[in-house]
Amino acid sequence: MKIRTLRLLAKEGTKNVYKNKLMSFASLATILATLFVLGLVLLIIVNVTTNLEAKKQDLQVKFYLRVDATRLEEEEVALFIEQSRASGVVAEYQYESREQAYENAKKDLKYEALMEGLTPENFAVGYFVTLTNPNDSDQFIARLKLFSGVDSQWITYPKQELERISGMVRVFNYVALFVIAVLMVISILLISNTIRLTVFARRKEIEIMKYVGANDWFIRFPFIIEGMLIGLLGALLSHLLTSQAYGWIKDGLNTLFNSIKISGLQLVEFGELSIRILVVNVLFGVTIGIIGSFMSVKKHLNV
Amino acid sequence: MIRFVDATKIYSNGVVGLKNVTVKIDKGEFVFIIGASGSGKSTFLKLIMHEETPTEGEVYVNGYSVHNMPKSEVPYLRRSLGIVFQDFRLLPNKTAYDNVAFAMQIVEALPREIRRQVPLALGLVGLSKKAKAYPSQLSGGEQQRVALARALVNNPAVLIADEPTGNLDPKTSMEIMELLDEINQRGTTVIVATHEKSIVDAMKKRVITLDRGELISDVKKGSYTNED
């Protein structure tokens, strides 16, 4: 097909969007509604996953050196931790010196009598390490145990907690995937039904084109452009609507969290996700528009 | 030009559309296909334009073997034909001009060609002044003229008309037939299926009569009753 013809057909498809106002509106409304729901579901998924991942980040590897560790042994461990941070294995860490441990113990213990006779020398150096990737914990702990200065009995990591959260993330991901798949199937059915209705209303037109000698692509192309435009428009409108709705929901939930004093729950800012949601919306809307038109026209081409 | 060799069409529901029809129509002829409803007139035309394919036998049109033609070639066959229907079949959301231009856009004619040919075609059918009107703003006769202009604009070798005057009053019908005659005078083969006796009798053209799918007579300068 010549470029000139493609341009002509693209123009034709664009014109058809407003010439068939009612049907365009019906298709647009369907796409808008579906993408809006899809957008909200995606946002819920992102929020839950982000919060669960954040919980994982809070888990720390805690370990203490032996009380009788030499200065050299202490320095070896300090160097290892510093190197691990430089290489990115460790995200951040807190160091607790013998003196700090002594002071903390004094603060924590209610009966000062218990502290009698104790000096900072009786306390061990401690580290509280946050790993960049919580799944590296086993390997990290194994390496710690190689140091003679580290008291291997005093390495703690809430492994169970990690596994619980990881399990939750996994289950949630499956559920999310299922919900999205169901949503997609429903929207494809809904949208192709609407488009089929549009095409059915114009089947005479398609028939006439066939009789005049138009080939299939000549007939199909304007419909595809039409579907694509409606899909694109639906995606953009849905993006606006989603961002508005999410703003309201976020404000509402934040107020609620504050009033019932839940801390640590953080709703993701829409701005951070805006582009991703837009891309998903546009891809989905345009694809649905194109596939819907293609399939619906196909049936009427056999004249 | 057009040749049916022992062509038979039996529809999937068992109805016989056409039975062992052998006939030849030469370039430049004007032919009426007549017969009662259900006699096979429409089937005859449908086989020519590949709306249906013969169950048995062969059909040749403008060099195409319609009986065993790949689907992808059908548009090219139809572009070599001009087709006019009883119900006009104009695109409702296009003006008279655009309806005619559409037939040229399909064959990817140059815009300058389109701008030149479309007014000529509309002029030929006497509708120059209604170029901008939509089908709904035109009378039946005018709509059929637009359909004729569309059928003619690509200079097809054959013009097929299926009951072209079925929805028109007698006066307008005669005008359309005169137009078809004029088109035929310019060298286009014209095939008209009709059951309007007065028209067939008045025009004294070749008449092919079908009855229950069979060709029962083929008369040069015939009439509806085939008295001569």
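Numbers restart at 1 for each chain; the letters A, B, ... are given by sequence-line order, proteins then strands.
The CD1 atom of B/Ile106 sits 7.0 Å away from the CD1 atom of A/Ile219 when rounded to the nearest 0.5 Å. Here the CZ-CG distance, from B/Phe102 to A/Leu8, works out to 9.0 Å after rounding to the nearest 0.5 Å. Rounded to the nearest 0.5 angstrom, B/Glu51 CD and A/Lys210 NZ are separated by 11.5 Å.
Here the shortest heavy-atom pairing between A/Tyr211 and B/Ile83 reads O-CD1, 3.7 Å. Closest approach of A/Gly213 to B/Pro75, counting heavy atoms only: O-CB, 3.3 Å. Across every non-hydrogen atom of B/Asn93 and A/Lys19, the tightest pair is O-NZ, 3.1 Å.
At a threshold of 4.5 Å between non-hydrogen side-chain atoms, the residues A/Thr5 and B/Gln105 do not count as touching. Contact check for B/Arg78 versus A/Val212: no side-chain heavy atoms found under the 4.5 Å cut-off. Two residues are said to be in side-chain contact when any heavy atoms from C-beta on lie closer than 4.5 Å; A/Arg4 and B/Leu110 meet this criterion.
We find that B/Lys94 and A/Glu12 are joined by a salt bridge, their nearest charged nitrogen and carboxylate oxygen being less than 4.0 Å apart.
Atom CD of B/Glu56 is surrounded by 12 or fewer heavy atoms from other residues, nucleotides or ligands within 6.0 Å. Annotation: B/Tyr11, atom OH; neighbour count of heavy atoms from other residues, nucleotides and ligands within 6.0 Å is above 12. Summarising the local packing, NZ of B/Lys205 is surrounded by more than 12 heavy atoms from other residues, nucleotides or ligands at distances under 6.0 Å. The 12-atom threshold is exceeded at NE2 of B/His67, counting heavy atoms of other residues, nucleotides or ligands nearer than 6.0 Å. Remark: B/Met1 CE is packed, more than 12 non-hydrogen atoms of other residues, nucleotides or ligands lying under 6.0 Å away.
A donor-acceptor pair under 3.5 Å is absent between the side-chain atoms of B/Glu108 and the main chain of A/Met1, judged by distance alone. The main-chain N or O of B/Arg89 is never found under 3.5 Å from a side-chain atom of A/Lys204 such that the two would form a donor-acceptor pair.
In this structure, chain A has a heavy atom under 4.5 Å from the backbone of B/Ala109, while its side chain stays farther away.
For the side chain to side chain contact (heavy atoms under 4.5 Å, CB included) with A/Asn215, the lone residue among B/Glu73, B/Arg79, B/Lys71 that qualifies is B/Arg79.
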